[in-house]
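Whatever order the structure lists them in is the order used to number ligands and atoms, beginning at 1.
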Amino acid sequence: MKDRILLVDDEPMARYGMRRALGDDSYHLAEAENGHEARFKIESWKPDLVLCDIRMPEMDGLELLRAVGGEGGPVFIMITAHGTERIAVEAMKAGAFDYLVKPYELDELRLTVENALEKLHLQRENLQLRRQLQATRQADLIGESDAIQRVRSLIDKVSQTDVTVLLTGESGTGKELAAGQIHRSSPRHKGPFVTMNCAAIPKDLVESELFGHEKGSFTGALAQRQGKFERADGGTLFLDEIADMSLETQAKILRVLEDKQITRLGGKQVIRTDVRLISATNKDLCAEIDQGRFRSDLYYRIKVVEIHLPPLRERPGDILLLAHHFLQRCVQRHNLPPRRFDASAILLLQRSSWPGNVRQLQNLIEQAVVLAEHECISAAQLPDELHAEAAGAMPVDRLGERSFAEMKNAAMENYERDLIRRALQESKGNVSAAARLLQMKRQFLQQKMQTLNMNAADFRI
Ligand SMILES: Nc1ncnc2c1ncn2[C@@H]1O[C@H](COP(=O)(O)OP(=O)(O)OP(=O)(O)O)[C@@H](O)[C@H]1O
Ligand SMILES: [Mg+2]
């Protein structure tokens, strides 16, 4: 949709100049010859941007800005006569985006308008994403892709019951987050949520961790200790990395699940436990069974329902939503000034293959946000690993032959090619118009196109 621009000046020749600078095709233009008429048009026609002369009879530009500018109103670019810049500065304080001093170059006017509109679009996009985020409950799995919506709906369903759930998916896809969410939305939410990472505990201590022990039951058992099953009584036990457990321990867990009771190591007393079990793994349990490393009977017991968390690269539509979520959260947590991504950063984030999934995205955004020196974060400020990953579209077997610098160059080249392709598509192969869109000199764009072996004629319809 074309943006609407209102041209406000009491001199017809000045309005004509603005029209010439902006061209007839790119925008919807309307004119007003004084502040009152402009105010009426702003309220009825709702322009996105107002190019406004400051000195006009009756209602001047500054009064107009104060009357209709501000949140939800159009962006203002003020035009002032040489020698009266002081008033323009006042207009900036009153909320104008920028100002131009007469006589100005047509290119200068065009660029200022394009910058203002780009900022307006990003602001609107941010606002929309913020609203979407607010609509999602806090600490929920963020994402609007079909795959994540399916996961959320499965979580809702299993939360109402006590069935055992197996969460599968690559590292960093949100398995632990999903487990917590199942617990919080279940009737057990007032009970404890106990987590145990089976891979992080030395093998000979796993059983004591799970079932507890009596004092003196083994060297080092200096006091009686409750195990995770006991502590999770009335709540949920989350067994993470379940594939990393010995076959003996697996047999014991199976028995606990069937009998709903435990005995501490070295103890005789039978303790009843009422525990809902959720397990997670990033391994292929069927393959583990084939290899004789996982018991098939336990497998069927723990996966009454299996929920698969898809890798981030299979749901690219969620990347920006997640990135904005982590950006806002980081700004709030660290009390930082506002931050946003520019178009180059957005493109790069979307191009990466995210081998570390959401965890990698989260860490990377936090790092970029904390280190950013300006409000706007661009691709150049994102870490090298991301540029390298964006180049990952090349065949995997060639990756080893390439140096990191080569990969980064390839990523930048892909990225530039993409930007130029979009601009040429938009301008239907008109190189001057594409250069304007990209805010670069026509000559420079032509050189770039030559290097990248791109032809404007391919985009002419
Ligand atoms: N859809 C999502 N929305 C918001 N945050 C997410 C989402 N998915 C993952 N996260 C965040 O990403 C990080 C990694 O998620 P989590 O620890 O749940 O992954 P995991 O699948 O358990 O990984 P691993 O297999 O390595 O243990 C966490 O900080 C989590 O809060
Ligand atoms: Mg985990």
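- Less than 4.0 angstrom separates some heavy atom of Leu322 from each of these atoms of ligand 1: 2 (C), 3 (N), 4 (C).
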Atom pairs and distances, side-chain donor-acceptor, residues 305-312, under 3.5 Å, sequence neighbours left out:
from   : atom 1 : to     : atom 2 : distance (Å)
Glu306 : OE2    : Thr168 : OG1    : 3.1
His308 : ND1    : Thr168 : OG1    : 3.1

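- Between Ser171 and ligand 1, a contact under 3.5 Å exists for at least one N or O pair.
- Ring to ring, His183 and Phe238 are not that close: their centroids are 6.0 angstrom or more apart.
- Here the heavy atom of the protein found nearest to atom 27 (O) of ligand 1 is Arg359 NH2, 3.7 Å.
- Heavy atoms of Gly172 approach ligand 1 to within less than 4.0 angstrom.
- Using a 4.0 Å cut-off between heavy atoms, Phe326 contacts ligand 1 through its side chain alone, with no backbone atom that close.
- The part of Gln362 lying near ligand 1 is the side chain, judged by heavy-atom distances below 4.0 Å.
- Side-chain contact, Glu170 with Asn282: no donor N or O sits under 3.5 Å from an acceptor N or O.
- With a 4.0 Å cut-off on non-hydrogen atoms, Asn282 touches ligand 1 through its side chain and not its backbone.
- Taking every heavy atom of Gly174 and a limit of under 4.0 angstrom, the matching atoms of ligand 1 come to 8 (N), 9 (C), 15 (O), 16 (P), 18 (O), 19 (O), 20 (P), 21 (O).
- No donor-acceptor contact under 3.5 angstrom links the side chains of Gln269 and Glu214, judged on distance only.
- Neither side chain, His121 nor Asp48, offers a donor N or O lying under 3.5 Å from an acceptor on the other.
- Shortest contact from atom 10 (N) of ligand 1 to any protein heavy atom: Val358 CG1, 3.4 Å.
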Exercise. After noting the C-alpha distance and the side-chain angles of Ile253 and Phe211, does the key distance pass the side chain to side chain contact (heavy atoms under 4.5 Å, CB included) rule?
Worked result: CA-CA 9 Å; Ile253 289 188; Phe211 312 118; 4.2 Å; yes

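- Looking from atom 22 (O) of ligand 1 to the surrounding protein, the closest heavy atom is Glu176 N, 3.2 Å.
- Closest to atom 20 (P) of ligand 1, if we only count protein heavy atoms, is Lys175 N, 3.5 Å.
- The option from Ile148, Leu177, Thr173 that lies nearest to atom 7 (C) of ligand 1, judged by heavy atoms, is Leu177.
- Counted by atom type alone, Asp98 and Thr112 present zero donor-acceptor pairs between their side chains at under 3.5 Å.
- Looking only at atom types and distance, the side chain of Ser432 has a donor-acceptor partner in the side chain of Arg442 under 3.5 Å away.
- When each atom of ligand 1 is checked for a heavy atom of Leu141 under 4.0 Å away, the hits are 1 (N), 2 (C), 3 (N).
- Checking side-chain atoms of Arg340 against main-chain N and O of Leu122 turns up no donor-acceptor pair under 3.5 Å.
- Of all protein heavy atoms, the one closest to atom 4 (C) of ligand 1 is Ile142 CG1, 3.6 Å.
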